[in-house]
> 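Got a structure for you, questions after.
None of the values given here were measured: they were computed from a predicted structure.
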Amino acid sequence: MTTRRTRRTARSAGLVAVAAAAALSLTACQGGAKDAATGPEKSASSSTPRPTGNGDVSSDAKVGVPTGRSAAQHTTSGAASTARTASPVRTQTLVDGSKAEIYERGAQHYLAKIVHGGEVLATLETNQHDAGLDANDMFVVLTLDGRVHSWMGGGHQGPGTFKLAGGWTAKVTKIGGAGYRAQILGNDGAVDATLDANQHDAGLDANGVYIVLSFGGVISAHM
């Protein structure tokens, strides 16, 4: 592996809090508009650089509701309301037969709903960083440019040091009471990226190699 990229720390998005806060703010603005002029709208954007991905999408997982309850797997009424008021820019079938409905929410800001049988099983959201999910051994990465990559299996249970697809090495350590960190090492042993899964899963597009670290310490990668 010869591609080198800027080091960066990748952390999974807090989907629930962001979506709920946005919904409450919108409700307040709509109520006030009856008696006063409306203020300027806020837009979410991100200019943080990230590795460019060359890979396409694939998938992994059994159909069904994920048993692990992470922040990325919860939806709120605000998030559901937002999803209902917009149409997905793309719908993609994942390896387990479920579908990802992808919504554009701003510059490098995307929301993906994992849907099966009309039920939303999980959500992922990118906002200044990629997002990842371990859904019963199906791993999913949503990138900053709205691409979804999914695959089945290949997980390693941390802590430990593991060889990953594309020549990467992951050093997984436990942090705090209920979290894990993965340092992604290149061929020269240098740390090229870091994934923190603290109460929620994390994902990364490492130059076309997709990596997920679950909050339970399982790491998997796929090209």
> Between D130 (side chain) and L144 (backbone), is there a donor-acceptor pair under 3.5 Å?
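Yes.
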> Kindly give the heavy-atom pair with the smallest separation between A100 and I114, and that separation in Å.
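For A100 and I114, the tightest heavy-atom pair comes out as CB-CD1, 4.1 Å.
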> Minimum heavy-atom separation for A202 and L195, please, with both atom names.
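In terms of heavy atoms, the two residues are closest at CB-CD2, 3.8 Å.
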> For the residue pair V172 and G217, what are the closest heavy atoms and their distance?
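Where V172 meets G217 most closely, the heavy atoms are CG1-O, 4.1 Å.
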> A170 and I219: which non-hydrogen atoms are nearest, and at how many Å?
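Closest approach of A170 to I219, heavy atoms only: CB-CD1, 3.5 Å.
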> Taking D196 for the side chain and N198 for the main chain, is one N or O donor matched with an acceptor at less than 3.5 Å?
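No, because the side chain of D196 does not come within donor-acceptor range (under 3.5 Å) of the backbone of N198.
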> Heavy-atom distance under 4.5 Å between the side chains of T194 and R181, does that happen here?
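Yes, close enough: below the 4.5 Å cut-off.
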> Do any side-chain atoms of residues 157-164 form donor-acceptor pairs under 3.5 angstrom with protein atoms, and if so which ones, sequence neighbours left out?
{"residue": "Q157", "atom": "NE2", "partner": "G216", "partner atom": "O", "Å": "3.0"}
{"residue": "K163", "atom": "NZ", "partner": "T169", "partner atom": "OG1", "Å": "3.3"}

> Using a 3.5 Å distance criterion without hydrogens, assess whether the side chain of S220 forms a donor-acceptor pair with backbone atoms of G153.
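A pair under 3.5 Å: yes.
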> Can you tell me how far CG of D145 sits from CD of E104, rounded to the nearest 0.5 angstrom?
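Result: 10.5 Å between the selected atoms.
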> Quick one, T123 and L111 - any side-chain contact, counting heavy atoms below 4.5 Å?
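Sidechains of L111 and T123: in contact.
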> Are side-chain heavy atoms of V212 and V218 found at a separation under 4.5 Å?
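Sidechains of V218 and V212: no contact.
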> Can you find a pair of side-chain heavy atoms, one from D96 and one from H116, that are under 4.5 Å apart?
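No - every pair of side-chain heavy atoms lies 4.5 Å or more apart.
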> Could you tell me which non-hydrogen atom of I211 sits nearest to which non-hydrogen atom of A206, and how far apart they are?
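Between these two residues, the closest heavy atoms are CD1-CB, 4.1 Å.
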> For a quick test of reading the model, state the closest non-hydrogen atom pair linking F215 to Y180 and the distance between them.
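Taking F215 first and Y180 second, the nearest heavy atoms are O-CD1, 3.6 Å.
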> Is V89 reachable from L94 through a run of I, L, V, M, F, W or Y residues, each pair having side-chain heavy atoms under 4.5 Å apart?
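L94 and V89: one cluster.
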> Students often mix this up, so state it plainly: with edges at 30° and 60°, are the rings of H222 and H149 parallel, tilted or perpendicular?
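Judged by the thresholds at 30° and 60°, the geometry between H222 and H149 is tilted.
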> I would like to know whether V191 and I184 meet side-chain contact (heavy atoms from CB on, under 4.5 Å); could you show each step before the answer?
CA-CA 6 Å; V191 178; I184 309 302; over 6 Å; no
> Scan side-chain atoms only and decide if E125 and H109 contain a donor-acceptor pair under the 3.5 Å cut-off.
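Yes, a side-chain donor-acceptor pair sits under 3.5 Å.
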> K171: what forms a side-chain hydrogen bond (donor to acceptor under 3.5 Å, both in side chains) with it, not counting sequence neighbours?
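None.
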> What is the distance from atom OH of Y110 to atom CG of L142, rounded to the nearest 0.5 Å?
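Between atom OH of Y110 and atom CG of L142 there are 9.5 Å.
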> How long is the gap from NZ on K113 to CG on L124, to the nearest 0.5 Å?
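Reported to 0.5 Å precision, the distance equals 13.0 Å.
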